[in-house]
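Below you'll find the structure, written out as structure tokens, and then a few comments.
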Amino acid sequence: MSVGIYFATTTGKTEDVAERLHELLGGSESPKDLADLSNLSELQDLNGIICGIPTWNTGADQERSGTAWDSMLEEIGNMDLKGKKVAIFGLGDSSTYTENFCDAMEELHAFFSKSGATMVGYVNRDSYTFEESKSLIGGEFCGLPLDEDSESDLTDERLKSWAEQLKSEFPELN
Ligand SMILES: Cc1cc2nc3c(=O)[nH]c(=O)nc-3n(C[C@H](O)[C@H](O)[C@H](O)COP(=O)(O)O)c2cc1C
């Protein structure tokens with residue numbers, strides 16, 4: 001039983017971040033592109049799941065990632081993932097899409113919560129500049145937002161700090 005990293009991407013930025021996170025964590029399995037996954041049943045074999053999701057669908061009410069995650073949300077919600085821990089990281093653009101910053105993280109969070117998984121990896125909002133994000137839950141981000149478009153100079157530091165947080169939340173990584 002181990003920790004897997006799954007991502008979807010359109011222009012490759014979420015994949016790049018998934019690889020960087022994998023290196024920082026050491027103990028996780030190699031990141032997998034959701035587009036190459038025929039079904040989600042392998043999630044049942046893991047103790048922990050880390051998901052990377054960009055946001056491409058400004059202003060939409062649902063299916064905001066604009067990636068392969070969208071078609072898998074219902075299936076995730078119907079799985080039984082009790083006892084597993086799930087953490088989410090999201091890519092977005094806090095400058096151009098400041099009213100929908102990393103919105104898609106919230107959808108993954110909602111469907112994994114429905115599956116009974118324990119959600120971890122929440123992040124304080126204070127170091128981010130944006131107008132609105134659906135991914136704020138109880139005043140915190142429900143995962144790690146990253147902005148490779150307007151704040152790429154902050155990504156290393158944000159990733160490092162989140163990797164340390166995950167090491168304390170996923171005992172399997174140590
Ligand atoms: C047409 C378009 C729509 C986008 N919509 C959003 C959005 O609603 N919210 C957001 O935070 N970022 C938005 N972005 C920024 C992307 O999420 C960002 O570039 C991300 O890094 C892309 O990740 P990827 O390369 O893994 O697909 C949008 C970008 C484009 C080009």
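Atoms considered below: every heavy atom in the structure, side chains included; atoms not considered: hydrogens, waters and symmetry mates. Numbers here are sequence positions counted from 1. When a ligand or atom number is given, it counts from 1 through the structure's own listing order.
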Self-check item: Contact check, D103 vs ligand 1, heavy-atom distance below 4.0 Å
Solution: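 No heavy atom of D103 comes that close to ligand 1.
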Proximity winner for [atom], if only heavy atoms of [options] are counted:
atom                    : options             : value
atom 1 (C) of ligand 1  : F101, Y97, F130, F7 : Y97
atom 24 (P) of ligand 1 : T55, L91, T9, D149  : T9
atom 10 (C) of ligand 1 : T10, D93, T67       : D93

Can you tell me the protein heavy atom closest to [atom] and the distance?
atom                    : result
atom 23 (O) of ligand 1 : P54 CB, 3.4 Å
atom 11 (O) of ligand 1 : C102 N, 2.9 Å
atom 22 (C) of ligand 1 : W56 NE1, 3.7 Å
atom 8 (O) of ligand 1  : T58 OG1, 3.2 Å
atom 25 (O) of ligand 1 : T11 OG1, 2.3 Å

Quiz item: Is the side chain of W69 donor-acceptor paired with the backbone N or O of G52 at a distance under 3.5 Å, no angle test?
Solution: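 Pair found, side chain donor or acceptor close to backbone of G52.
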Practice problem: Look at R20 together with E148 and state whether they make a salt bridge at an N to O cut-off of under 4.0 Å. | Solution: yes
Ligand 1 N/O within reach of [X] N/O, cut-off under 3.5 Å:
X    : value
A8   : no
N100 : yes
G12  : yes

Practice problem: State, with a plain yes or no, whether a side-chain heavy atom of L46 is found less than 4.5 Å away from one of Y6. | Solution: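 Yes, their side chains come closer than 4.5 Å.
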Quiz item: Is there a side-chain contact between L159 and L144 (heavy atoms, below 4.5 Å)?
Solution: yes
Self-check item: F141 and F130 aromatic ring geometry - parallel, tilted or perpendicular at 30°/60° bounds
Solution: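 Tilted.
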Quiz item: Just heavy atoms, cut-off under 4.0 Å: does K13 contact ligand 1 by side chain, backbone, both, or neither?
Solution: both
Quiz prompt | I53: which of L34, L108, T9, L91 passes side-chain contact (heavy atoms from CB on, under 4.5 Å) | solution = L108
Practice problem: Any pair with a residue in residues 132-145 that passes side chain to side chain donor-acceptor pair (under 3.5 Å), sequence neighbours left out, goes on the list, sorted by first then second residue, please. | Solution: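 Listed by first then second residue: D103-K134.
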Quiz item: Is R158 positioned over the aromatic face of F89, cation under 6.0 angstrom from the ring centre and no more than 45 degrees off axis?
Solution: no
Quiz item: Which of the atoms in ligand 1, numbered in the order shown and given with their element, are less than 4.0 Å from a heavy-atom of G92?
Solution: 10 (C), 11 (O), 12 (N), 17 (O)
Quiz item: Just checking, is any N or O donor in the side chain of S41 or N39 under 3.5 Å from an acceptor N or O on the other one?
Solution: yes
